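None of these values were measured; they are calculated from a predicted model.
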Amino acid sequence: MADGNRFFPAPRLILAALVAGALAGAVGVYVSESRSGNNAAPQVAASDSKDDIACAAKSDRAKKIAAAATGEVAALLPADPPQSMRSLAFNGPDGKPMTIADHAGKTVLLNLWATWCAPCRAEMPALDALQKEKGSDAFQVVAVNVDAGDDVKPKKFLADTGVHTLGYYRDSTMTLFNDLKARGLALGLPVTMLIDGEGCLIAHMNGPAEWSGPDAKRLVETAIGS
């Protein structure tokens, strides 16, 4: 791809991110324990709630959509089993608490990022471009910042990286990340979840990807059309 290097982080950036994360006392970035890249920890079995039972029935759909994740988004893995993400909580652009359930009816690409995450710095403009081109009543990128503290650094980060289309979502408590970690879905940052209009996790990825490229756009079209 002609402009792939503009978004995808070089190995030295990933190394820098690891150092920065350690100095900040934050969670590991892109590499955690002995795992690296987009390898995921085993998922914790979903609960027996009504929502989780309904989502678990979508296993074949999850595999079909994940099979469309090729090329630059090939590391996206099908949910095994699909589980409900409706209760995942964070603050919306207006600063008020919300959950994934508030996006009912939309396919959501949920991404967690932080200012000290170098791969995130490379990935955020790509997510912004994807939202600008594909954002609609049927699809939305929800990129949630998980920095501790106030909004000054995250907002400066977005301005510095030229991100203008994405909504500003926040969780300064790390509760969202820790919830995903407990489910075996998050190893570090960035982490991305593809969630359907009923709040069911369809696929997930640890590590960055080129979300503005044709492979990502085809994946979104498949997810919306399935």
Beyond-backbone contact of S59 with P81, side-chain heavy atoms, under 4.5 angstrom: no
For the student: nearest non-hydrogen atoms of W211 and V73, plus distance: CZ3-CG1, 3.8 Å
Stepwise side chain to side chain contact (heavy atoms under 4.5 Å, CB included) check, D151 with Y168: CA-CA 10 Å; D151 295 334; Y168 181 63; 3.0 Å; yes
Shortest non-hydrogen separation from G162 to D128 and the atoms involved: O-OD2, 3.8 Å
Member of I195, V141, L194 meeting the side-chain contact (heavy atoms from CB on, under 4.5 Å) criterion with L110: I195
Interatomic spacing from CD1 in I100 to CE in M85 - rounded to 0.5 Å: 9.0 Å
Any side-chain heavy-atom pair of K132 and H164 under 4.5 Å: no
Nearest atoms (heavy-atom pairs only) where A69 meets L76: CB-CB, 3.8 Å
Donor-acceptor contact below 3.5 Å, side chain R170 vs main chain D147: yes
Reported CZ-to-CD distance for the pair R218 and E72, which is rounded to 0.5 angstrom: 9.5 Å
Matching residue for E198 among R61, K50, R86, K58 - test: salt bridge (charged side-chain N to carboxylate O under 4.0 Å, His left out): K58
Rounded distance (nearest 0.5 Å) linking atom CG of D160 with atom NZ of K155: 14.0 Å
D137 atom CG: more than 12 heavy-atom contacts under 6.0 Å: no
Side chain to side chain, S87 and T99, heavy atoms closer than 4.5 Å: no
Pair N111-T192, side-chain donor/acceptor within less than 3.5 Å: yes
Flag side-chain contact, heavy atom, 4.5 Å: E210 against S212: yes
Shortest non-hydrogen contact from T115 toward P154: CG2-CA, 3.7 Å
Residue pair V220 / K217, side-chain heavy-atom distance below 4.5 Å: no
Gap separating the CZ atom of R183 from the NE2 atom of H204, nearest 0.5 angstrom: 12.0 Å
Atom of A114, atom of F157 and distance for their closest heavy-atom approach: O-CE1, 4.3 Å
Gap separating the CG atom of L180 from the OG1 atom of T175, nearest 0.5 angstrom: 11.0 Å
Residue among P119, P208, C117 satisfying side-chain contact (heavy atoms from CB on, under 4.5 Å) with L189: C117
Partner of D171 by side-chain contact (heavy atoms from CB on, under 4.5 Å), out of V144, L112, L88, D179: V144
N91 vs P97 side-chain heavy atoms within contact, under 4.5 Å: yes
Taking every non-hydrogen atom, the tightest pair across Y169 and G92: CD2-CA, 3.8 Å
Side chain proximity check, I65 to D196, heavy atoms < 4.5 angstrom: no
Nearest-0.5 Å distance that lies between atom CD1 in I202 and atom CG in L109: 12.5 Å
Flag side-chain contact, heavy atom, 4.5 Å: F90 against N145: no
Side-chain (E123) to main-chain (A209) donor-acceptor, under 3.5 angstrom: yes
